[in-house]
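None of these values were measured; they are calculated from a predicted model. We use all heavy atoms of the structure for the numbers below, so side chains are in, but hydrogens, waters and symmetry mates are not.
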Amino acid sequence: MTDKEDPKKHKSKVKSKVVCGYPISIFFIVVNEFCERFSYYGMRAVLVLYFKYFLLWDDDLSTSIYHTFVALCYLTPILGAIVADSWLGKFKTIIYLSIVYAIGQVAMAVSAIHDITDSDRNGTPNNMTFHVVLSMVGLFLIALGTGGIKPCVAAFGGDQFSEHQDKQRRTFFSVFYLCINGGSLLSTIITPILRAQDCGIYSQQKCYSLAFGVPAALMVVALAVFIIGSGMYYKPEPQGNIMLEVCKCIGFAVKNRYRHRSKKYPKRQHWMDWAEEKYDKLLIAQIKMVLKVLFLYIPLPMFWTLFDQKMDSAGHHHGWTLCKSADKTKHGLIVIQPDQMQTVNPILILTLVPIMDSIIYPLIKKCGFNFTPLKRMTVGMIMAAIAFVCAALVQMEIDKTLPTFPSKSENQLKLLNMGTNPVTVTLPGLDPVNLTAAQVLNVSTPACQESITVSENIKPNSVHLALQIPQYFFITAGEVMFSVTGLEFSYSQAPSNMKAVLQAGWLFTVAIGNFIVLIVAELAKLPKQWTEYILFASLLVAVCIIFSIMAYFYTYIDPAEIEAQFKKDNEDDEDDQSKLQKQEVEMTKKDSIESHREGKQTRM
């Protein structure tokens with residue numbers, strides 16, 4: 001544990017060389033993030049298929065294990081943040097957990113080599129337990145690693161900027177988000193291609209080991225890049241076990257408030273002020289900052305729930321890899337598969353983030369409107385709601401092309417008359433039905449093609465996939481305004497000793513969103529798909545209204561300034577005390593000199 005640091009030491013950040021106004025160290029962090037995300041999304045892209053076709057699990061088990069894994073990846077950041085902020089520091093945490101992560105990826109790759117247990121060499125593993133156990137261990141280590149470093153990498157990047165580099169820091173969070181999406185875009189395109197290769201020692205099978213091996217290799221690259229930059233980083237020291245302190249302080253405030261609940265005690269401005277008897281005023285101020293932000297986070301999981309509806313796992317869900325009957329759509333020469341529509345999201349992000357940052361936000365600012373981070377997030381939510389309305393409209397179009405299917409309590413009977421004479425059919429409880437004869441072959445013409453009757457049950461889907469572009473556009477615009485801003489907001493409003501903890505809090509809202517998806521998917525089975533979308537949109541609008549009211553009462557702060565003020569006050573207090581002490585010392589000196597003189601005089 002390190003002692004509380006001398007505040008003066010904090011000012012002099014290790015100045016790494018500056019390129020275009022950015023510290024060089026940032027480039028290492030950004031490249032590291034790109035590789036790490038490629039590694040994670042690449043592995044995730046083939047995970048469900050691996051469960052189904054390699055481990056031979058059924059749909060339900062595959063999906064629920066997949067969702068559990070994803071939710072776990074968003075829960076572990078809390079652990080990583082606590083370790084980083086209070087014990088190892090962000091730098092060491094990132095390195096140690098990356099090693100754990102890489103081991104997990106390698107375990108996944110090894111668990112996918114069928115030849116290891118394939119003793120009779122027929123292409124299927126003979127000892128499935130080995131593969132299941134190894135892949136579960138691998139997934140657990142990956143969840144620990146990816147989750148643990150997530151809050152640290154973003155906050156560590158933010159640490160590299162000095163106080164006056166606000167604008168650059170904001171751009172960094174945008175670029176950081178771009179890297180996440182660049183990595184995920186490339187890997188979701190590449191890993192399925194790798195999986196489709198055939199490989200093996202004795203017998204050729206689909207190459208899951210390669211699909212997991214490439215991400216594993218990239219994780220090693222990510223780690224290497226991060227370590228190479230080591231000399232250039234500014235590495236703030238961890239400040240003692242901060243989470244424990246915070247919890248103790250809050251507990252004490254609550255107890256103390258309860259003790260003094262009767263009317264005879266004067267009220268205090270904020271309930272946290274009841275901790276003043278025992279705890280440092282600076283710590284109390286920092287806790288107040290964190291609590292304010294955490295309170296704002298309460299409605300956010302709802303956004304993620306809806307967002308995850310569309311980002312749901314590998315395209316076999318009931319979300320937006322829509323229209324299970326959707327046909328391949330030919331755009332000129334390119335054939336787009338329905339599940340490739342998922343790549344639209346990262347592509348849009350890669351175009352929208354720079355446009356928003358360099359064109360739209362500055363324009364809004366020029367018009368004299370103060371577009372604060374919380375306003376951006378609110379608008380982001382509205383955009384997402386519009387996206388679901390679009391989805392509902394598209395779904396209604398698709399429903400028009402579908403035949404009427406029987407409901408659960410009905411059966412369907414289809415009658416075709418293939419004969420040459422018309423037939424009258426009488427069914428109990430219904431009027432007689434006349435079935436015309438299928439057209440007879442006209443024997444005299446040998447061209448029998450003309451006379452074939454086509455009976456079509458379900459017509460091919462005529463709804464163009466391009467109709468989905470608007471909803472993808474709106475949800476992505478919403479995500480950019482909501483997510484990127486949220487990351488930056490969480491960093492800028494956090495006190496210096498709890499940056500990673502607040503990043504983790506932000507990711508925690510994503511985890512809760514994931515869990516809500518699991519619950520909602522089980523509970524709400526609405527008969528019509530479009531009604532479900534409208535329900536989601538209205539929920540979002542409700543959340544948006546609540547959030548905007550909460551945001552209206554939020555006042556922005558500059559944590560560094562407040563902390564500096566407290567530290568200054570402390571120093572002033574100390575100065576006053578030392579002055580008093582000096583005065584006392586001088587007084588006693590004077591006294592002794594005086595008495596000495598008096599003594600001399602009396603002798604004389």
Side-chain angles (χ1 to χ4, degrees), residues 34-59 61-63 65-66 69-70 73 101-143 145-146 182-224 313-317 321 328 334-343 346:
F34 175 82
C35 295
E36 189 274 323
R37 292 286 85 190
F38 183 102
S39 170
Y40 172 73
Y41 283 109
M43 186 272 315
R44 219 175 88 170
V46 292
L47 194 55
V48 174
L49 297 170
Y50 170 73
F51 289 159
K52 279 166 72 172
Y53 301 111
F54 190 94
L55 299 180
L56 306 176
W57 291 351
D58 60 6
D59 271 7
L61 182 59
S62 305
T63 321
I65 294 282
Y66 172 84
F69 168 68
V70 173
C73 287
Y101 189 170
I103 295 172
Q105 292 274 31
V106 172
M108 281 305 287
V110 173
S111 79
I113 303 175
H114 59 271
D115 292 312
I116 295 181
T117 61
D118 183 11
S119 43
D120 51 11
R121 301 191 181 180
N122 64 350
T124 45
N126 295 69
N127 178 6
M128 204 48 103
T129 327
F130 167 80
H131 296 277
V132 173
V133 169
L134 191 57
S135 60
M136 290 304 106
V137 169
L139 282 180
F140 179 70
L141 293 178
I142 291 172
T146 185
S184 89
L185 171 65
L186 277 177
S187 62
T188 31
I189 295 172
I190 294 171
T191 15
I193 298 174
L194 295 176
R195 177 194 75 85
Q197 307 302 316
D198 286 328
C199 63
I201 306 168
Y202 305 120
S203 57
Q204 301 295 308
Q205 291 294 325
K206 288 280 170 262
C207 207
Y208 288 99
S209 47
L210 185 62
F212 289 141
V214 170
L218 259 164
M219 195 51 227
V220 176
V221 172
L223 180 57
S313 58
H316 60 259
H317 56 299
T321 309
K328 293 182 199 172
I334 310 167
V335 177
I336 297 183
Q337 302 286 354
D339 58 347
Q340 276 173 324
M341 284 298 280
Q342 287 191 2
T343 57

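Separating the NZ atom in Lys206 from the NE2 atom in His114 is a distance of 11.5 Å, to the nearest 0.5 Å. Note that NZ of Lys52 is 7.0 Å distant from OG1 of Thr63, once rounded to the nearest 0.5 Å. Interatomic distance, CD of Gln205 versus CG of Asp115, reported as 8.5 Å (0.5 Å rounding). Expressed to the nearest 0.5 Å, how far CE of Met108 lies from CE of Met136 amounts to 6.5 Å. Going from atom CD of Glu36 over to atom CG of Leu223 covers 11.5 Å, rounded to the nearest 0.5 Å. To the nearest 0.5 Å, the span separating CG on Leu134 from CG on Leu139 amounts to 10.0 Å.
In this structure, Gln197 contributes its side chain and Ile193 its backbone to a donor-acceptor pair below 3.5 Å. In this structure, the side chain of Thr146 does not engage the main chain of Ala143 through any donor-acceptor pair within 3.5 Å. A donor-acceptor contact shorter than 3.5 Å is absent between the side chain of Ser209 and the backbone of Ile113.
Take Asp120 and apply the side-chain hydrogen bond (donor to acceptor under 3.5 Å, both in side chains) test, not counting sequence neighbours, and it matches Asn126. The side-chain hydrogen bond (donor to acceptor under 3.5 Å, both in side chains) search around Ser119 returns none, not counting sequence neighbours. For Cys207, the disulfide bond (SG atoms under 2.5 Å apart) criterion is met by Cys199, not counting sequence neighbours. Residues that satisfy the ring-ring contact (aromatic ring centres under 6.0 Å, His included) test with Phe69, not counting sequence neighbours, are absent from this structure. Shown here are the side-chain hydrogen bond (donor to acceptor under 3.5 Å, both in side chains) partners of Asn127, two or more places apart in sequence or in another chain: Thr129. For Tyr50, the ring-ring contact (aromatic ring centres under 6.0 Å, His included) partners are Phe54, Tyr208, Phe212, not counting sequence neighbours.
For the residue pair Thr117 and Pro125, the shortest heavy atom distance occurs at OG1-CB, 3.3 Å. Across Tyr66 and Phe51, no two heavy atoms sit closer than the pair N-CE1, 4.1 Å. Residue Pro215 comes nearest to Gly42 through the heavy atom pair CG-C, 4.2 Å, listed as atom of the first residue, atom of the second, then distance. Of all the heavy atoms in Val221 and Cys35, the pair that sits closest is CG1-SG, 4.1 Å. Shortest non-hydrogen contact noted between Leu55 and Ser135 is CD1-OG, 3.9 Å. In terms of heavy-atom proximity, Ile103 sits nearest to Leu141 at CG2-CD1, 4.0 Å.
Considering only heavy atoms from C-beta on, Arg44 comes within 4.5 Å of Val70 through its side chain. Between Val214 and Thr191, the closest side-chain pair of non-hydrogen atoms is not below 4.5 Å.
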